[in-house]
Each structure stands twice: as structure tokens, then as C-alpha cells.
Amino acid sequence: MQLISRMPAAVKVQWVLWAAVFLMMFFTMLPEDGFWQAAVFSLLNILFYALVIYGNISWLYPRYYLKKRIWVYVITVPLFLLAAGSIRGILLTWIYNTWFATHPEPLTTAIMLRYLTGIPLLFLMSFIMRMAIVYFELKAQAAALVLQNTRTELNLLKSQVQPHFLFNTLNNIYYEAYLEAPRTAALIERLSDIMRYFVDESPKDQVDISTEIKFLENYIALERIRIRHGIDLQFTSEMPGGCAIPPMLLMTFVENIFKHGIDKTSMQNHIDISLVKQDNTLLFTTRNSLPGQPVHNHPSGSGIDNLRKRLTLLYGSNFTLQTGRSGNYFTALLSVPL
């Protein structure tokens, strides 16, 4: 029963169809031919019917017709049908004369024609069978797609529940911290905003520039608390409302500054960040002092290379990305159309 339940719907329908045809033939022949003759001839006829039908839809049709070898298909089909009908007539006549006939009957032309006349009809039925199989396969695929979409939606709901649970928890912690340590509460609020950005905004194709700026400001504020002596940081933004850019486009420069451009033991860390609009172009520049000794606690990574690949996918060659060192400062420039 488990084997049957695991069968695709198209396979189940075919088994039911062949079983019905077998029973119809068996009970039609049973009164005149007896049980064993009716059973044997019904089974053999079913096998020959299946040979013609599946021989066409599983071998001849896909091998020749679907591959545009139509003339080969036209020539092969009559030969196939003639061979199948002839084998059927010879085999069934031999079985009848050997096991069931009281007086053996010779294989005459009339008997052969009788076995051949039904073959073309079976050939036409093979196309009906093929359409039925395709229909049930498409129906099964559609059902599988609906199931997959349902599972995806369920997983999406689960993935949304977990971050929002964390957001609600952070809000509760923020309220408690606000009563005792307002500065800590402000940092918790920034962390919550960053996490909400990753969940709600980063999957989008475009985000408002104000959202991106707010994300950078929150990130910078959290990074500041890791710097022992503080930093001299200027963030200039001259962007009008209504501009939109792909999310996380500006993050790489800022992240690299705090990974590779900050000397935590120094009191002379300088960072200048500028975000302006010129004509229909966004210009984003960063300039940071370099530490006296290279920072080894973070690997150099491939952030700039990945950013360049992403920009190429987004803008083709219509962008500018430049990085370089000038004295004790490192400068990065990004220019993209709006």
C-alpha cells in the first residue's frame, strides 16, 4: 500500500486504466473461452497494446518527431506497427493452437489482417494517453509548486517572527536602560535600528537615501564606543529627499575605515565623510588618517573587489570607484548615477 501511495498520480491513473481494460476483455471472453484462455489472451493483448502505445510515446515520438526528424518518424511508424501486429498474430495463434485449440487453425491472411486492423487505432490512442500523462504531470508539478510556495511563506513568517521577537526584547531593554542609563539606551536603540534595516530594507532593490544615511550614522555611533580615545569624525551630507540607491552601497568604505584605518591607541584619528549630489550623480568620499602601525586584527578581505563587482552588475561601466593613499591619509571615492 505504501508503494502505491508513493506513486505519482499519472502512474496510478495508467495502472487503473490498464486494469480496467484487462477486466473488460477478460469478462468478455470468459463465457466462450473459459477462465485460463480468457486470462492468458487478455494479458497478452494488454501487453501488445502497451507495446504499441508506449513504444510510440516513449520512444518513437520523442526520439524522432520531437527532434525534428519527421520523415524518419513517418517511415518508422508503419514499420513498427506492422511488426507489432505481425508478432501479435503469430504469437497468439501459436499459443491458441498449442494450449487451447481442439483442432489447430492455420495462420491465414484473414487472421493476420484481423490482428493488424486494430493496431492503427491503438497508435492514435497513444497520443490521447500521452496528453493524459502530460496533464497529470503538469498538475503534479503545480501542486508541488504550491506546496513549495506554502513552505517558503511559512519559513518567511518564521524568519520574521524571530527578528521581531528580538526587536521587541530590545525595546523592553531600551525602556529599562533609559531609566538608569540614557546613553546606553540610545546605543540599544541604534542597534535595534541597524537590525531592522537588515531585515526590512536590505532585501529591497532601492532604499531612500535618508534611510541609508541613518544606517551609516547608527553604525558609526556603535563603532565609536569601541574606540578608547575617541575620534575626530566629520560626516557631511547634502542630499535632497526623494533620492534612492541600492542598499548597503556605501557601507564598504565606512566599514573599511573602522577595520583598517583606526589606531585604538592613538588620540589622532581623523575621519571625513562626504555625501553630496552633483547634477544627477551621487558623490561619496571618505578620507581617514592611517595608523602608525598596520592593523592586523582584521584581514584585508575583498570588500572593495566585491563592491566593484556589484557596481558593475548595477551600473555597467557608468560609475567611478577610486581608492588610494596620499601621505598619511587614505581616500576613497564613489560616484554613481541617481
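Keep in mind that the numbers below use all heavy atoms, side chains included, and drop hydrogens, waters and symmetry copies.
Hydrophobic cluster membership differs between M131 and L138, with clusters built from Ile, Leu, Val, Met, Phe, Trp and Tyr side chains linked at under 4.5 angstrom. I133 and I128 fall into different hydrophobic clusters, defined by Ile, Leu, Val, Met, Phe, Trp and Tyr side-chain heavy atoms under 4.5 Å apart, directly or through other members. In the hydrophobic clustering of this structure, M29 groups with W36; members are Ile, Leu, Val, Met, Phe, Trp, Tyr whose side-chain heavy atoms approach within less than 4.5 Å, directly or through other members. Under a hydrophobic clustering in which Ile, Leu, Val, Met, Phe, Trp and Tyr are joined whenever their side-chain heavy atoms come within less than 4.5 Å, directly or via other members, V134 and L17 fall into different clusters. Note: the hydrophobic cluster containing L47 also contains L122 (ILVMFWY, side chain heavy atoms under 4.5 Å, direct or indirect links).
Of the options I46, V16, N45, a side-chain contact (heavy atoms from CB on, under 4.5 Å) to V21 is made by I46 and by none of the others.
For F80, there are no ring pair (Phe, Tyr, Trp, His ring centres under 6.0 Å) partners at least two apart in sequence or on another chain. For F22, the ring pair (Phe, Tyr, Trp, His ring centres under 6.0 Å) test picks out no residue, with sequence neighbours left out. When the ring pair (Phe, Tyr, Trp, His ring centres under 6.0 Å) test is applied to Y61, the partners found at least two apart in sequence or on another chain are Y65, F127. Remark: D272 engages R287 in a salt bridge (charged side-chain N to carboxylate O under 4.0 Å, His left out) (not counting sequence neighbours). For N318, there are no side-chain hydrogen bond (donor to acceptor under 3.5 Å, both in side chains) partners at least two apart in sequence or on another chain. With sequence neighbours excluded, the residues satisfying side-chain hydrogen bond (donor to acceptor under 3.5 Å, both in side chains) with N218 are R190.
Taking 4.5 Å as the limit, some side-chain heavy atom of V254 sits within range of a side-chain heavy atom of Y219. Looking only at side-chain heavy atoms (C-beta outward), L275 and I213 come within less than 4.5 Å of each other. Using a 4.5 Å cut-off on side-chain heavy atoms (C-beta onward), Y115 and T93 make contact. At a threshold of 4.5 Å between non-hydrogen side-chain atoms, the residues F284 and L333 do not count as touching. No side-chain heavy atom of W71 sits less than 4.5 Å from a side-chain heavy atom of Y64. Taking 4.5 Å as the limit, some side-chain heavy atom of F319 sits within range of a side-chain heavy atom of T312. Side-chain contact between I220 and I273 is present, with at least one heavy-atom pair separated by less than 4.5 Å. The side-chain heavy atoms of F26 and F35, taken from C-beta on, include a pair separated by under 4.5 Å.
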Determine, stepwise, if the pair L282 / M239 fulfils side-chain contact (heavy atoms from CB on, under 4.5 Å).
-> CA-CA 8 Å; L282 179 146; M239 293 295 300; 3.9 Å; yes
Worked verdict on K214 versus D193 for side-chain contact (heavy atoms from CB on, under 4.5 Å) | CA-CA 9 Å; K214 181 65 175 178; D193 288 342; 4.2 Å; yes
Given the rule in the side-chain contact (heavy atoms from CB on, under 4.5 Å) test, do D232 and N269 qualify, once you have shown the distances and angles that lead to the verdict?
-> CA-CA 6 Å; D232 178 16; N269 290 301; over 6 Å; no
Given R224 and L233, is the side-chain contact (heavy atoms from CB on, under 4.5 Å) satisfied, shown in steps?
-> CA-CA 10 Å; R224 277 179 177 271; L233 189 149; 3.2 Å; yes
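Here the OG1-CG distance, from T108 to L113, works out to 8.5 Å after rounding to the nearest 0.5 Å. Within the model, atoms CD1 of I271 and OG of S289 stand 7.0 Å from one another, a figure rounded to the nearest 0.5 Å. Atoms CE and CD1, on M125 and I53 in that order, are 5.0 Å from each other to the nearest 0.5 Å. Taken to the nearest 0.5 Å, the OH atom of Y96 stands 11.5 Å off from the OG1 atom of T98. Interatomic distance, CZ of R114 versus CG of L92, reported as 9.5 Å (0.5 Å rounding). Within the model, atoms CG of L283 and OG1 of T320 stand 8.5 Å from one another, a figure rounded to the nearest 0.5 Å.
L314 approaches P246 most closely through the heavy-atom pair CD1-CG, 3.7 Å. When all heavy atoms of L311 and L334 are compared, the closest pair comes out as CD1-CD1, 3.5 Å. Smallest separation of non-hydrogen atoms from Y54 and M129: OH-CE, 4.3 Å. Considering all non-hydrogen atoms of both residues, C243 and L338 come closest at SG-CD1, 4.1 Å. Of all non-hydrogen atoms in I57 and S126, the two that sit nearest each other are CG2-O, 3.1 Å. Looking at every heavy atom in both residues, M112 comes nearest to L107 through SD-CD1, 3.7 Å.
One N or O on the side chain of T76 and one on the backbone of V72 form a donor-acceptor pair closer than 3.5 Å. A donor-acceptor pair under 3.5 Å is absent between the side-chain atoms of S274 and the main chain of T285, judged by distance alone. When atom types are taken as modelled, the side chain of E212 and the backbone of M248 share a donor-acceptor pair closer than 3.5 angstrom.
With no hydrogens or angles considered, no side-chain donor-acceptor pair links D279 and T281 at under 3.5 Å. Side-chain N/O atoms of R130 and N56 include no donor and acceptor closer than 3.5 Å.
Taking the six-membered ring where tryptophan is involved, the planes of Y197 and F215 are essentially parallel, since the angle between them stays under 30° and well short of 60°. The aromatic rings of Y73 and F123 lie tilted to each other, with the angle between the two planes from 30° to 60°.
Around the CG atom of N328, the shell of radius 6.0 Å holds no more than 12 heavy atoms that belong to other residues, nucleotides or ligands.
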